[in-house]
Amino acid sequence: GAVLYTATSVGSAVWHSVALPWCYPLDMAIPIVFIGWFSFNWAYRVLAIRSVALRFGATLAAYGGMGVLAVAYDSPHFGVHWSWIAMFAPLAVAHKLKCSWRPNALLKSFACMAAALACYALDRVACRDEAPGYQPGFHWLWHLGSALGGFQLLRSLPPEDWFVAGHNIDDPWCGG
């Protein structure tokens with residue numbers, strides 16, 4: 001997870017630094033892989049779905065839901081990013097209700113990402129390439145908020161052995 005989280009940041013930095021066509025997948029594909037990794041692990045660690053096939057199915061269903069929402073409406077201000085936030089909201093509530101491991105972490109992540117999405121929209125409205133003069137530029141706040149939200153995602157996952165009897169959840173390594 002931490003490797004994918006870091007790769008997401010590096011891929012985005014490369015895309016925004018050079019903006020060559022071959023770099024665009026670094027900005028989009030790596031976050032999609034991170035979302036899949038998180039969904040797969042969240043289904044195991046929070047929902048206790050032990051079947052790999054069911055977890056892959058749930059992850060593919062989440063991707064499908066995001067895809068359907070993104071195709072149904074491509075916002076001129078939010079792009080397709082709103083579809084991730086829309087799919088993420090019920091997970092944040094479910095995590096709060098079901099998981100005793102950092103129950104508010106997904107809500108914090110959702111708040112960071114929703115605020116980041118607002119900055120993304122503000123950037124698309126306020127900053128136009130063809131407009132003369134100074135433009136404040138809010139896109140960096142989109143990246144900052146998304147990064148903080150992603151960090152909260154990583155913190156929200158209980159340890160893999162969360163369900164093992166005798167697991168010491170007060171161990172500082174596990175964040176207890």
Side-chain angles (χ1 to χ4, degrees), residues 1-12 25-75 77-122 139 141-164 167 169 173-176:
V3 170
L4 284 173
Y5 175 73
T6 302
T8 297
S9 300
V10 171
S12 185
L26 297 175
D27 192 44
M28 295 302 289
I30 299 171
I32 289 171
V33 171
F34 177 77
I35 290 168
W37 173 87
F38 177 81
S39 300
F40 186 81
N41 281 282
W42 188 81
Y44 175 76
R45 297 180 193 189
V46 174
L47 299 180
I49 299 173
R50 297 292 178 250
S51 166
V52 172
L54 285 177
R55 282 186 278 145
F56 270 120
T59 300
L60 290 176
Y63 279 143
M66 286 174 22
V68 166
L69 291 174
V71 169
Y73 180 67
D74 183 9
S75 167
H77 302 302
F78 297 109
V80 298
H81 303 297
W82 74 274
S83 65
W84 158 244
I85 300 294
M87 293 296 293
F88 186 41
L91 292 180
V93 172
H95 188 88
K96 169 74 174 170
L97 296 174
K98 178 154 178 59
C99 189
S100 59
W101 175 267
R102 298 184 175 137
N104 294 317
L106 278 188
L107 291 173
K108 290 176 186 176
S109 178
F110 177 78
C112 288
M113 291 185 182
L117 188 60
C119 292
Y120 181 89
L122 183 60
H139 193 80
L141 290 169
W142 154 251
H143 286 277
L144 180 63
S146 295
L148 291 172
F151 180 68
Q152 286 297 327
L153 282 178
L154 288 176
R155 288 181 37 84
S156 74
L157 282 177
E160 286 191 45
D161 55 356
W162 175 251
F163 295 103
V164 175
H167 175 72
I169 61 170
W173 182 253
C174 293

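Residues take their numbers from the sequence shown, with the count starting at 1.
- To the nearest 0.5 angstrom, Asp27 atom CG is 10.5 Å from Ser9 atom OG.
- Annotation: the span from Leu157 atom CG to Arg155 atom CZ amounts to 11.5 Å, rounded to 0.5 Å.
- The OG atom of Ser39 sits 8.5 Å away from the CE atom of Met87 when rounded to the nearest 0.5 Å.
- Ring geometry, His81 versus Tyr120: the interplanar angle exceeds 60°, so the pair is classed perpendicular (tilted spans 30 to 60°).
- Side-chain atoms of Tyr5 never come within 3.5 Å of backbone atoms of Leu153 as a donor-acceptor pair (strictly under, hydrogens ignored).
- For the pair Arg102/Ser156, no side-chain contact is recorded, criterion being any heavy-atom separation below 4.5 Å from C-beta on.
- In this structure the side chain of Val46 never reaches within 4.5 angstrom of the side chain of Trp101, judged on heavy atoms.
- Scanning all heavy atoms of the two residues, the minimum distance from Leu4 to Phe34 falls at CB-CD1, 3.8 Å.
- Put simply, OG1 on Thr59 and CH2 on Trp37 are 11.5 Å apart, with the number rounded to the nearest 0.5 Å.
- Between the side chain of Trp82 and the backbone N or O of Tyr73 there is at least one donor-acceptor pair closer than 3.5 Å.
- Once rounded to the nearest 0.5 Å, the distance linking SG of Cys112 with CG of Leu117 reads 13.0 Å.
- Counting only heavy atoms from C-beta outward, the side chains of Leu91 and Phe110 never approach each other to under 4.5 Å.
- In this structure, Arg45 CZ and His95 NE2 are separated by 11.5 Å, a value rounded to the nearest 0.5 Å.
- Closest heavy-atom contact between Leu107 and Val93: CD2-N, 4.4 Å.
- Closest approach of Pro158 and Cys99 over heavy atoms only: CG-SG, 3.9 Å.
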Q.
Could you go through Tyr63 and Ile32, starting from their C-alpha distance and side-chain angles, then the distance that decides it, and tell me whether this counts as side chain to side chain contact (heavy atoms under 4.5 Å, CB included)?
A. CA-CA 9 Å; Tyr63 279 143; Ile32 289 171; 3.7 Å; yes
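- Taking all atoms of both residues into account, the shortest heavy-atom contact from Ala116 to Trp142 is O-CE3, 3.3 Å.
- Met113 has its side chain within reach of Trp84: a pair of non-hydrogen atoms, C-beta onward, lies under 4.5 Å apart.
- The shortest side-chain heavy-atom distance between Tyr44 and Val52 does not fall under the 4.5 Å cut-off.
- Distance alone, capped at 3.5 Å, places no donor-acceptor pair between the Ser109 side chain and the Ala105 backbone.
- Proximity of a side-chain donor or acceptor of Ser12 to a complementary backbone N or O of Thr8 within less than 3.5 Å is not detected.
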